Amino acid sequence: MDVTNKTPDALDLRPWIEEVRALGELVEVDGADWNLELGAISELNVKRARPPALLFDRIPGYADGFRVMTCSTSSPARLSSILRLGHHDTHAGLVQALRGKPRQWQTQAPDYEPVDVGTGPVFENVASGADVNVEAFPAPLWHEKDGGRYIGTGCMVVTRDLDSDWVNVGTYRVMIHDRNHVGLDMIPGKHGAIQYDKHMKAGKPFPVAIVIGCDPLGYLISGIEVPFGMCELNYIGAILQRPVSVVKGQLTGLPIPSGAEIVLEGWAHPGDERIEGPFGEFHGYYPGKPATAPVVTIERVYYRDNPIIMGSPPAKPPNDYSYSKAVMRSALLIDALQAAGVPDVAGVWAHEIGGARMFNVVSIRQRYAGHARQAGHILNQCGVGAYMSRYTIVVDDDIDPSNMQEVMWAVATRSDPELDIDIIKRGMGSKNDPMSIAYPYKAPFNSKAIIDACRPYDFIDEFPEVAEASKELQQATLAKWHHILDK
């Protein structure tokens, strides 16, 4: 694929903000304190039915224009905009539009090498040496029990392999220690951690560039699993259908988006570790105690005029980014079911309440005896779904899998506990599971429940009819009486 004559994309956050403003999905908030208040506002906002994106300014103690953005991915319209999928206003429409896309983007990624453009807005301000001060930016203390102020939540951490030219971009949490030191927490086995371990074993400093704000597509893709050895910037280019515009860090030479808001550049030196955390996780708990983590000594800071921190902290679901995870995993799970030969899948929803992993629902049009159990077991145990999959529920196609009230109504009225719950023992779990403290296992196992909440297939024709208005009558009534029913 020839992409050489396509204009590179700077991953500039600001045009996207204007697009969201035009959609009526942006609320600007003045005067919220970085100390807990900003985080609490964001947390309460994202629990609303249609939470807007929030842009905080005039944060006490900081210059006007030093801003923080949160809740960027929390609606179908904004997420479809970020993923360049056109405009979608429903969960189902967005999941359908996303189906097959990850495979396509992965295939095309090698054709979209980032383009070095030499300079860009990220270099509007450059601080080095004694002028470096990470604390000049309004990094929030998100929650009362956090171990410190986290400047890196919706971030991109750019690193390089020791013995190859592989550049990795991951979303890892970044805690401020002092004006020129930050803690970098990378889970063992993640690509950035693998690169870090290589440098430490060789006794060499590890190059790091932390992108604190850009187009939210950046941190969204940095937080998913792309193949080992592939650069996320290429993958992002495939989504954009044009290469990412980058500049090189003055110290490390690492590629950073030319339109980034703030970039912290420096080195993690062998043996330099400090206590980091605790910080919440996607499932809504603090699963670990404060522990040592690599320290990055920041030697350069680049930032735009009136810079914007992109915030996306984990918390009890729904949290800042749980909706985006739910949509993306739902599309991947539908594709996995289709690839396994399960017919007539009407929809899948990886519920936010389970961190898009622990509570998944599939709706099917039943075609044969055993169809429901087949769909449930494959959804629970396929490559995309097996990790931490605690509950899988199968419902008929008259049930919206994303509507918890409908799902639990089906469980309550169409399942029998003795007949319709299958248990898988010693399935794939995680040490990050809050229940792991109670398990008898040495390895990270957990049991799994598959609940068949479909009408019993052998009595499907005799099963009682549902007492409600037809879908067609509901839609016609909503259209005619929207001035009453939309209130």
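Side-chain atoms are counted along with the backbone in the values below, which use heavy atoms only and exclude waters and symmetry mates. Residues take their numbers from the sequence shown, with the count starting at 1. Remember, predicted model here, so these are calculated numbers, not experimental data.
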*asked:* Determine whether Val327 and Leu98 satisfy the following criterion, side-chain contact (heavy atoms from CB on, under 4.5 Å), listing intermediate values before the conclusion.
replied: CA-CA 8 Å; Val327 168; Leu98 189 56; 3.9 Å; yes
*Stepwise ring-ring contact (aromatic ring centres under 6.0 Å, His included) test for Tyr457 and His371*: CA-CA 9 Å; Tyr457 187 76; His371 187 184; 8.5 Å; no
*Report the C-alpha separation of Asp396 and Gln366 in whole Å, then their side-chain angles, then the decisive distance to 0.1 Å, and conclude whether the side-chain hydrogen bond (donor to acceptor under 3.5 Å, both in side chains) test is met.*
CA-CA 7 Å; Asp396 293 297; Gln366 291 190 78; 2.9 Å; yes
_Please determine whether side-chain contact (heavy atoms from CB on, under 4.5 Å) holds for the pair Met156 and Cys214, giving the CA-CA distance in whole Å, both sets of side-chain angles, and the decisive distance to 0.1 Å._
CA-CA 9 Å; Met156 303 167 67; Cys214 68; 3.4 Å; yes
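For the atom pair CZ of Arg357 and CZ of Phe282, the computed distance is 6.0 Å after rounding to the nearest 0.5 Å. Taking CG of Asp422 as the reference point, atom CG of Leu419 lies at 10.0 Å (rounded to 0.5 Å).
Remark: Arg67 does not engage Asp30 in a salt bridge, criterion side-chain N to carboxylate O under 4.0 Å. A salt bridge links Arg21 to Glu28: one of the charged nitrogens lies within less than 4.0 Å of a carboxylate oxygen. Residues Asp335 and Lys101 are not paired through a salt bridge, judged by the lack of any N-O separation under 4.0 Å between the basic side chain and the carboxylate. Salt bridge Asp398/Arg455: present, at least one basic N to carboxylate O contact under 4.0 Å. Ion pairing between a basic and an acidic side chain is recognised when a charged N comes within 4.0 Å of a carboxylate O; Glu261 and Arg14 show such pairing. The pair Arg365-Asp397 meets the salt-bridge criterion, with a side-chain N (NZ, NE, NH1 or NH2) lying under 4.0 Å from an Asp/Glu carboxylate O. Using a cutoff of 4.0 Å between basic side-chain nitrogens and carboxylate oxygens, Arg78 and Glu19 are not scored as salt-bridged. Using a 4.0 Å cut-off between a side-chain N of Lys or Arg and a carboxylate O of Asp or Glu, Asp420 and Arg414 do not qualify as a salt bridge.
A heavy-atom distance below 4.5 Å is not found between the side chains of Thr70 and Ser312.
Remark: the Tyr323 side chain and the His91 side chain contain an N/O donor-acceptor pair separated by less than 3.5 Å.
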